[in-house]
Amino acid sequence: KAGITIEHVQQAITCTLADEQAARLLKTSIGAPLLKLRRLFIDSDERPINYSEILYTPDRFEYRMNWSRGTSNNLELAQDFQR
């Protein structure tokens with residue numbers, strides 16, 4: 001709607017520990033293990049458009065991908081897999 005074309009997305013998933021604020025918001029204890037997802041959307045001019053950092057408790061997180069062979073015979077992330 002804003003006329004921006006997202007060219008690609010960089011995503012990283014790592015582990016961290018809950019600080020006081022995260023523990024309160026996620027209803028867990030301080031120092032509890034968390035998964036941290038960082039995502040950066042980049043437009044067709046290679047400009048960063050949106051950055052998010054999201055914390056999850058391990059029991060509320062599932063990471064799934066579907067790969068298939070594309071027309072170039074390379075493995076590609078399936079386009080129809082979205083949640």
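Note that the structure is predicted; figures quoted are calculated from it, not measured. Any value given below was found using the heavy atoms of this structure, including those in side chains, with hydrogens, waters and symmetry copies removed.
Partners of Asp59 according to the salt bridge (charged side-chain N to carboxylate O under 4.0 Å, His left out) rule, which considers only residues two or more places apart in sequence or in another chain, do not exist here. For Asp43, the salt bridge (charged side-chain N to carboxylate O under 4.0 Å, His left out) criterion is met by Arg47, not counting sequence neighbours. Checked against ring pair (Phe, Tyr, Trp, His ring centres under 6.0 Å), Tyr56 has the following partners two or more places apart in sequence or in another chain: Phe61. Annotation: side-chain hydrogen bond (donor to acceptor under 3.5 Å, both in side chains) contacts of Gln10 (sequence neighbours excluded): none.
The line from CD1 of Ile42 to OG1 of Thr5 is 14.0 Å long, rounded to the nearest 0.5 Å. For the atom pair Asp19 CG and Leu55 CG, the distance stands at 7.5 Å (nearest 0.5 Å). The OG1 atom of Thr57 sits 11.0 Å away from the NZ atom of Lys27 when rounded to the nearest 0.5 Å.
Closest heavy-atom contact between Ser29 and Ala18: O-CB, 3.6 Å.
No more than 12 heavy atoms of other residues, nucleotides or ligands shown are found within 6.0 angstrom of CD on Glu20.
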Listing, residues 30-40 side-chain donor-acceptor contacts under 3.5 Å, not counting sequence neighbours, or none:
| unit_1 | atom_1 | unit_2 | atom_2 | d |
| --- | --- | --- | --- | --- |
| Arg39 | NE | Gln11 | OE1 | 2.8 |
| Arg39 | NH2 | Gln11 | OE1 | 2.9 |

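When hydrophobic residues (I, L, V, M, F, W, Y) are linked wherever their side-chain heavy atoms come within less than 4.5 Å, the members clustered with Phe41 are Ile4, Ile6, Val9, Ile49.
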